[in-house]
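The structure appears below as structure tokens.
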Amino acid sequence: MHDHRPVLLVIAHGSRDPRHAATVHALTRRVRSLRPGVRVETGFLDFDAPSAPRVLDRLAAEGVRDVVALPLLLTRAFHAKSDIPAVLREAPAGLRVRQAEVLGPSPLLLAALERRLYEAGLDPHHKRSTGLVLASAGSTDPEAIAVIAEIARELRHTGWCAVRPAFASAALPRTEDAVRELRASGCDRVAVAPYVIAPGRLPDRIAAGSREAGADVLAEVLGDSLELARLLLTRYDEARVRDPRAFSCAATASGGRRASVRPRLLPVVIRPWSSP
């Protein structure tokens, strides 16, 4: 039995690649296991079912009154600024909807990245002699690109030989070019960490570039990592304490674009994890 806390609606982009939806559902199952008292639903913007509008309609028909809509996105690019607010503005009138912040940046994401690297075979003792490529999907949004560059700078301070951002689309450099640059700079080995949540065309492009350039370690996507599941609940809790009118007021005032509230990345000490 669920209590009266708001329903958590995780809104994912969707993909023609079935691995995407499978990964999203695995992640939301982990979220449910961490917080059994919270009802967790999943909706998609495109390609996969159920669509986010359909889930909102169903929740309203069931008598649900409060929803936290959480974008399953790492940066505040177009989908977070435009697509998702547009969907939420069309939610049934009986629903009070809060839009949570996007997931990044966060120290939990840094921890998830390192977990995946250690799982892929990176020896933690080799960290200081290893160059790291932070490989994201890419975006035409300058804010999103700047956030990736900032995260790369933060990672450099956690003990890597060097860190370079890379992008699978819309921006440069590509993964293979960043791998070659780190190799040429004198790093003993190079690891690639995909800064993406689920498999698909762009993560496959990251993997292909990594193999083409001869990276020593290629991590898996963030997927259903424990840290990512905890981060979803952190964003849910943050949104719960906001006034339910906050989304609708901000959307009306700014055409769906809310002021960016980016948590400051704090230095963290990350040690290798064993898989849960």
Test log, rule side-chain contact (heavy atoms from CB on, under 4.5 Å), inputs Arg30 and Leu226: CA-CA 8 Å; Arg30 172 156 277 189; Leu226 178 61; 3.6 Å; yes

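- Linking Ile, Leu, Val, Met, Phe, Trp and Tyr residues whenever their side-chain heavy atoms come within less than 4.5 Å leaves Ile148 and Ile206 in two separate clusters.
- Hydrophobic clustering (side-chain heavy atoms under 4.5 Å, transitive across Ile, Leu, Val, Met, Phe, Trp, Tyr) groups Leu117 together with Val163.
- A distance of 11.0 Å separates CG in Leu155 from CD in Glu150, rounded to the nearest 0.5 Å.
- Counting only residues at least two apart or in different chains, side chain to side chain donor-acceptor pair (under 3.5 Å) contacts with residues 204-214 comprise Arg19-Asp204, Arg180-Glu212.
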Side-chain donor-acceptor pairs under 3.5 Å in residues 217-225, sequence neighbours left out?
unit_1 : atom_1 : unit_2 : atom_2 : d
Ser225 : OG     : Leu222 : O      : 3.3
Ser225 : OG     : Leu228 : N      : 3.4

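- In plain terms, the two heavy atoms of Leu9 and Gly43 that are nearest each other are CD1-N, 3.7 Å.
- In this structure the side chain of Thr175 reaches within 4.5 angstrom of the side chain of Val192, judged on heavy atoms.
- Checking Ser82, Pro53, Ser51 one by one against Val87, the side chain to side chain contact (heavy atoms under 4.5 Å, CB included) holds for a single residue, Pro53.
- Residues Ile11 and Val196 do not share a hydrophobic cluster, defined by chaining ILVMFWY side chains whose heavy atoms lie under 4.5 Å apart.
- To the nearest 0.5 Å, atoms CZ (Arg5) and CG (Asp66) are separated by 13.0 Å.
- Among residues two or more places apart in sequence or in another chain, the ring pair (Phe, Tyr, Trp, His ring centres under 6.0 Å) test is passed with His126 by none.
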Criterion side-chain contact (heavy atoms from CB on, under 4.5 Å) on Trp160 and Lys127, from CA distance to verdict: CA-CA 5 Å; Trp160 298 96; Lys127 184 176 179 180; 3.5 Å; yes

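- If you take CZ on Arg54 and CG on Leu59, they are separated by 12.5 Å, rounding to the nearest 0.5 Å.
- The distance from atom CG of Leu103 to atom OG1 of Thr75, rounded to the nearest 0.5 Å, is 10.0 Å.
- The backbone N or O of Arg96 lies less than 3.5 Å from no partner atom in the side chain of Arg65, so there is not a single donor-acceptor pair.
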Chi angles and distances behind the side-chain contact (heavy atoms from CB on, under 4.5 Å) call for Leu95, Leu88: CA-CA 10 Å; Leu95 285 180; Leu88 300 184; over 6 Å; no

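- The two residues Val24 and Thr42 make their nearest non-hydrogen contact at CG1-CG2, 3.6 Å.
- Residues forming a salt bridge (Lys or Arg N to Asp or Glu O under 4.0 Å) with Asp216 (at least two apart in sequence, or on another chain): Arg183.
- When every heavy atom of Ala69 is checked against every heavy atom of Val97, the shortest pair comes out as CB-CG1, 4.1 Å.
- Of the possible polar contacts, none joining the Tyr195 side chain to the Ala166 backbone as a donor-acceptor pair under 3.5 Å is found.
- Once rounded to the nearest 0.5 Å, the distance linking CD of Glu143 with CD1 of Ile145 reads 11.0 Å.
- Of the possible donor and acceptor atoms, none in the side chain of Arg235 sits under 3.5 Å from a partner among the backbone N and O of Ala100.
- In this structure, Leu182 is not a member of the same hydrophobic cluster as Phe167, with clusters built from ILVMFWY side-chain heavy atoms closer than 4.5 Å.
- Leu109 has its side chain out of reach of Ile151: every pair of non-hydrogen atoms, C-beta onward, lies at least 4.5 Å apart.
- Using a 4.5 Å cut-off between side-chain heavy atoms of Ile, Leu, Val, Met, Phe, Trp and Tyr, with links allowed through other members, Val55 and Phe47 fall into different hydrophobic clusters.
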Derivation and outcome, salt bridge (charged side-chain N to carboxylate O under 4.0 Å, His left out), residues Arg189 and Asp123: CA-CA 11 Å; Arg189 61 193 60 79; Asp123 186 335; over 6 Å; no

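- When all heavy atoms are compared, the tightest approach of Leu232 to Leu72 is CD1-CD1, 4.0 Å.
- Every side-chain hydrogen bond (donor to acceptor under 3.5 Å, both in side chains) that Glu181 has, sequence neighbours left out, goes to Arg164.
- With rounding to the nearest 0.5 angstrom, the CG atom of Leu113 is 10.0 Å from the OG1 atom of Thr158.
- Inter-residue side-chain proximity for Cys187 and Cys161 is flagged as met; some heavy-atom pair is nearer than 4.5 Å.
- Taking each heavy atom of Phe44 and Ala21 in turn, the nearest pair found is CZ-CB, 4.1 Å.
- Here the closest non-hydrogen pair linking Pro105 and Val147 is CD-CG1, 4.4 Å.
- In this structure, the side chains of Arg39 and Val64 come closer than 4.5 Å at one or more pairs of heavy atoms.
- With contacts defined as side-chain heavy-atom distances shorter than 4.5 Å, the pair Val40/Tyr236 does not qualify.
- Residues that satisfy the side-chain contact (heavy atoms from CB on, under 4.5 Å) test with Arg29, not counting sequence neighbours, are His25, Ala26, Arg32.
- At a threshold of 4.0 Å, the pair Glu227-Arg230 does not count as salt-bridged, since none of the basic side-chain nitrogens sits closer than that to a carboxylate oxygen.
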